[in-house]
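Since the structure comes first, as structure tokens, the remarks are kept for the end.
Heavy-atom basis, side chains included; hydrogens, waters and symmetry copies ignored. All residue numbers refer to positions in the sequence shown, counting from 1. Both counts, for ligands and for their atoms, begin at 1 and track the order of listing.
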Amino acid sequence: MNDVAVVAGATGALGSAILRRLVGADLTVVAIARSVDQLDAVAGAEGRVVALPGDLTDDGITDRLRGLLDELGAPVRMVVQAAGLPGSGNVDTITGAEMAAGIDAKIGGFVRLIRGAQHRFTEGSRIVVLGGHYGYEPSPAAPLAGMANAALGNFVRTLADRWGPEGVTVHLVAPGPVDSPRMQGIAERAAARRNDGVTPDQVLDEYRSGSPLGRLTTVDEVAWAVGLLLAPEAAGLHGSTLSLDLGRRRGIG
Ligand SMILES: NC(=O)c1ccc[n+]([C@@H]2O[C@H](COP(=O)([O-])OP(=O)(O)OC[C@H]3O[C@@H](n4cnc5c(N)ncnc54)[C@H](OP(=O)(O)O)[C@@H]3O)[C@@H](O)[C@H]2O)c1
């Protein structure tokens, strides 16, 4: 049996590209998402993918993941939390319930994943979570993404203290806006909210112009960065953030 990786959000734009990278690195991938049909499509299209349909907001996912990993019986080389945040309002419309649900899915889900996989960690295992640019560059348009991603920066450091002594490293991968269906949807909602005649494509152009490269981060760039973390030398990145924002960030440090 090959070593195992666990990818949550495995049917998403980023999660499915990450899954393909990890399969290409000779890992068997446990793929987690809620939609059974989409998971089956991913598992059918790729060899060595084991579908685990489930909701990261459900505590039961931990025991189900633990049981499946015991059946597979191999070390876990990498856990990736790539599940999407639920939809939420802007700073004027977001509700407390939306904020709490988002944190539960993204950060609570990350905790549930780690708990389900940790008994199979070995020296050199990687714990990876996707955050994002808004955690460092807050925007009134995306308060939940900002807060969740900033909190992940802190939590990754906490996990680095916990797992470093066991030779397990922890990494936050933080893309800027990615050329993906999710970003297309965000641009459509932003255009509708503005109600000033702006089109979703013009909103996307504004996002593109926020980078000196004049474009969005690609799905492949994010998947490449996660795949890179399998290298033994990537232990040097323990506890840090891999920023894939194409030079958007203005602050130093
Ligand atoms: N796309 C971007 O521009 C961008 C930029 C920066 C950071 N990010 C980070 O990357 C994440 C993923 O982005 P993406 O573009 O790949 O999103 P996406 O295409 O919308 O995919 C989201 C994935 O998460 C799964 N998921 C959502 N809620 C879940 C839950 N409660 N339990 C289990 N699985 C769940 C979805 O499947 P089901 O719905 O079937 O469960 C799907 O597989 C974002 O949320 C964000 O944190 C994205």
Under 4.5 Å side-chain linkage, directly or through intermediates, the cluster mates of Leu228: Trp224
Residue shell around ligand 1, heavy atom under 4.0 angstrom: Gly9, Ala10, Thr11, Gly12, Ala13, Leu14, Ala33, Arg34, Ser35, Gly54, Asp55, Leu56, Ala82, Ala83, Gly84, Leu85, Lys106, Leu130, Gly131, Pro175, Gly176, Pro177, Val178, Ser180, Arg182, Met183
Sequence neighbours excluded, every pair satisfying ring-ring contact (aromatic ring centres under 6.0 Å, His included) that has a member inside residues 113-143: Phe121-Trp163
N-O pairing of Glu71 and Arg66 below 4.0 Å: no
Over 12 foreign heavy atoms within 6.0 Å of CZ, Arg162: yes
Minimum heavy-atom distance between Thr217 and Gly176, given as atom pair plus value: OG1-N, 3.8 Å
Qualifying side-chain hydrogen bond (donor to acceptor under 3.5 Å, both in side chains) pairs with a residue from residues 11-23, counting only residues at least two apart or across chains: none
